[in-house]
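On a predicted model such as this, the values are computed, not experimentally measured, just so you know. Along the sequence shown, residues are numbered consecutively beginning with 1.
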Amino acid sequence: MDNERIWGILFEAIEQNRVVPIIGDEFFYAEVGGELVNYKKHILNELISKFNPPKDIIPDFNMISGLIEAQNVLLRATGNFSNATSIYYEIGDIVRNTPIVCDQCLTDFIQSFKFPLILSTSYLPGIEQLLANQGFEVKAYDKSPRIDIPYADMVAPPTLYYLFGKCGKANKTYMATEDDLLEYIHYWHNIETRPMRLSEYLSDKFLLMLGCDYPNWLFRFFWHSVKNFNLLSGSTEVKGVVAGSILDTDNELSRFLARIQTHTYANGRDFMKELREKKKTITNFASPKIHEINRYDDRPCDIFISYSHRDDQAAKAISDIIKAQGASVWFDSSNLIGSDHYDDIIRNKITECQRFVPILSTATETEKRGYFRKEWSLAIEESTFRLGSPYIAPIAINEIDYNSKLIPKEFKDSHILSYNSQDFENEIKRLIRSFRQ
């Protein structure tokens, strides 16, 4: 990556919080006999030692998995079920008993740049210890859309996301073989099973794929699945950087990446080191700010504001007007920290608040999958327990179609305030007075 223009594009994207690193297995080690060994190789060596594959065939995880299944068939036939096992149980046992050592270059890299989202293609929980004091929430994809980020246009709290599951249980909750990887990627391709908001978030981001050594055919499948763009679109926009040792031997993969405006670097460690060194030479580089998240306030709130993050400025202005009248406001993720269970907190706040205020706009008319729609559903459910008492108080911030099917009937049946009305502040005073009488 000799082009200084590309480095400039990358640093500009970092400043804008548009860079997402994808960390592979290359940077994790096990200490064996006083020496550091690649952790995946250590796992494979342990499995080879235990299950004795044929000497004339190069063993891999697929072969070991097949040997274990064949062994289980014999055990079941003899009624000896207690000794049956799986490659997932065996790997989990190794990981539980062998500490993971992270490459120092990865530690320095993560500490140098404040990324709001870090992805991992590894099932090894090695990165978590580096992020323990940085407020990161940890998520692991389980082949369903429910493990997602809260919003499609931002990440709050900062998140470490395991793309193919995380080792941590005895049962199959992550991928270990190529067959499993293909299954996971198949679920990523399926609009019904992929995490939609995360997929949308990644579609226009600059990806740094570091230490992910997949063969050419598998890499293409993975890259298209995660990046979620048309490889033949003809776009000239730089889409990312791939740095890994596989590029030393796979020229076809390098040519493919060049065709899709993705730059290559032969060594992930060298890339991270050079990126950190170049950062020192950029005098006006502004470190990106992770979305500010304050400690969870467990006091009941008067008003819960629900809005599309495309309307964040108007929502903030409305929040300030309400606060100026002495009412307390719940204003989404600014009140959360990474360790909190987001959905539970939102549900509790909606249940506790005196008034639920959905912000209606042209954005909410067109955005069908925003997190605010979940908040709306929770509020409508809560309104059934209020026995006809005023609860939902919508505010329209611009011209909307009041007949739109995307505006719930419960909102239309309520008195909708207009943010652009000259009497808006007095309307807010009356709203607050209605639950303080």
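- When every heavy atom of Ile321 is checked against every heavy atom of Tyr419, the shortest pair comes out as CD1-CE1, 4.3 Å.
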Which is it for Ile346 and Trp330 under the side chain to side chain contact (heavy atoms under 4.5 Å, CB included) test, yes or no, and what are the steps along the way? CA-CA 9 Å; Ile346 292 297; Trp330 176 263; 3.6 Å; yes
Assess whether side chain to side chain contact (heavy atoms under 4.5 Å, CB included) is satisfied between Ile318 and Ile397, documenting all intermediate values. CA-CA 10 Å; Ile318 292 171; Ile397 63 172; 3.9 Å; yes
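- Note that SG of Cys212 and CG of Leu210 are 7.0 Å apart. Values are rounded to the nearest 0.5 Å.
- Within the 4.5 Å cutoff, no side-chain heavy atoms of Leu406 are placed close to those of Thr364.
- Taking the six-membered ring where tryptophan is involved, the planes of His42 and Tyr39 are perpendicular, since the angle between them exceeds 60° and thus also 30°.
- In this structure, Phe27 CZ and Asn38 CG are separated by 10.5 Å, a value rounded to the nearest 0.5 Å.
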Show the numbers, then the answer: is there a ring-ring contact (aromatic ring centres under 6.0 Å, His included) between Tyr184 and Trp188? CA-CA 6 Å; Tyr184 266 88; Trp188 266 93; 9.4 Å; no
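- The closest side-chain donor-acceptor pair between Tyr391 and Glu410, if any, does not fall under 3.5 angstrom.
- Heavy atoms of other residues, nucleotides or ligands lying less than 6.0 angstrom from CD of Gln313 number 12 at most.
- Of the possible donor and acceptor atoms, one in the side chain of Thr366 sits under 3.5 Å from a partner among the backbone N and O of Ala363.
- In this structure, CG in Leu10 is found 10.5 Å from CD in Glu15, a value given to the nearest 0.5 Å.
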Verdict with reasoning, Glu375 to Phe304, per side chain to side chain contact (heavy atoms under 4.5 Å, CB included): CA-CA 10 Å; Glu375 296 172 346; Phe304 185 109; 3.9 Å; yes
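- Looking only at atom types and distance, the side chain of Asp179 has no donor-acceptor partner in the side chain of Thr177 under 3.5 Å away.
- A donor-acceptor contact closer than 3.5 angstrom links the side chains of Asp25 and Ser122.
- Ion pairing between a basic and an acidic side chain is recognised when a charged N comes within 4.0 Å of a carboxylate O; Lys316 and Asp320 show such pairing.
- Among all heavy-atom pairs drawn from Met175 and Asp180, the shortest one is CB-CB, 3.6 Å.
- Distance alone, capped at 3.5 Å, is enough to place a donor-acceptor pair between the Tyr161 side chain and the Ile147 backbone.
- In plain terms, the two heavy atoms of Phe11 and Lys279 that are nearest each other are CZ-N, 3.5 Å.
- Taking the salt bridge (Lys or Arg N to Asp or Glu O under 4.0 Å) definition, one finds that Asp423 meets it with Arg430, sequence neighbours left out.
- Looking only at distances, a side-chain donor or acceptor of Arg355 sits under 3.5 Å from a matching main-chain atom of Pro390.
- Proximity of a side-chain donor or acceptor of Lys412 to a complementary backbone N or O of Ser404 within less than 3.5 Å is detected.
- Contact of the Leu117 side chain with the Leu198 side chain is registered, since non-hydrogen atoms from C-beta on lie closer than 4.5 Å.
- A donor-acceptor pair shorter than 3.5 Å cannot be found between the side chains of Thr351 and Asn348.
- Within 6.0 Å of CD in Gln325 there are more than 12 heavy atoms belonging to other residues, nucleotides or ligands.
- Not a single side chain to side chain donor-acceptor pair (under 3.5 Å) links Glu192 to another residue, sequence neighbours left out.
- Separation of atoms OG (Ser120) and CD1 (Ile22) is listed at 10.0 Å; rounding is to 0.5 Å.
- Looking only at distances, no side-chain donor or acceptor of Tyr307 sits under 3.5 Å from a matching main-chain atom of Val357.
- Ring orientation note: the planes of Tyr123 and Tyr174 are tilted relative to one another, at an angle of 30° to 60°.
- Two residues are said to be in side-chain contact when any heavy atoms from C-beta on lie closer than 4.5 Å; Trp7 and Leu275 meet this criterion.
- The closest side-chain heavy-atom distance from Phe372 to Pro358 is not below 4.5 Å.
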Could you walk me through whether Arg269 and Lys273 satisfy the side chain to side chain contact (heavy atoms under 4.5 Å, CB included) test, starting with their C-alpha distance in whole Å, then the side-chain angles of each, then the deciding distance to 0.1 Å, before giving a yes or no? CA-CA 6 Å; Arg269 294 175 189 79; Lys273 181 179 179 181; over 6 Å; no
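- A heavy-atom distance below 4.5 Å is found between the side chains of Pro394 and Ile392.
- Side chains of Phe356 and Ser414 form no contact here, defined as non-hydrogen atoms less than 4.5 Å apart.
- Within the 3.5 Å criterion, the main-chain N or O of Glu178 finds a donor-acceptor partner in the side chain of Asn62.
- Between the side chain of Ser383 and the backbone N or O of Ile380 there is at least one donor-acceptor pair closer than 3.5 Å.
- Counting all heavy atoms, side chain and backbone alike, Pro157 lies closest to Gly135 at CB-O, 4.1 Å.
- A side-chain donor-acceptor contact under 3.5 Å links Thr193 to the backbone of Tyr187.
- In terms of heavy atoms, Ala176 sits closest to Ile91 at CB-CD1, 3.7 Å.
- Panel note: side chain Arg197, backbone Ile149; a donor-acceptor pair is recorded below 3.5 Å.
- Minimum interatomic distance between Lys278 and Thr281 (heavy atoms only, all atoms of both residues): O-OG1, 2.7 Å.
- When side chains are defined from C-beta on, Glu274 does not count as touching Asp270, because their heavy atoms never get closer than 4.5 Å.
- Looking only at distances, no side-chain donor or acceptor of Arg310 sits under 3.5 Å from a matching main-chain atom of Thr362.
- Within the model, atoms CD1 of Ile127 and OH of Tyr162 stand 6.0 Å from one another, a figure rounded to the nearest 0.5 Å.
- Atoms CD1 and CZ, on Ile118 and Phe109 in that order, are 8.0 Å from each other to the nearest 0.5 Å.
- At least one side-chain heavy atom of Thr121 sits less than 4.5 Å from a side-chain heavy atom of Phe164.
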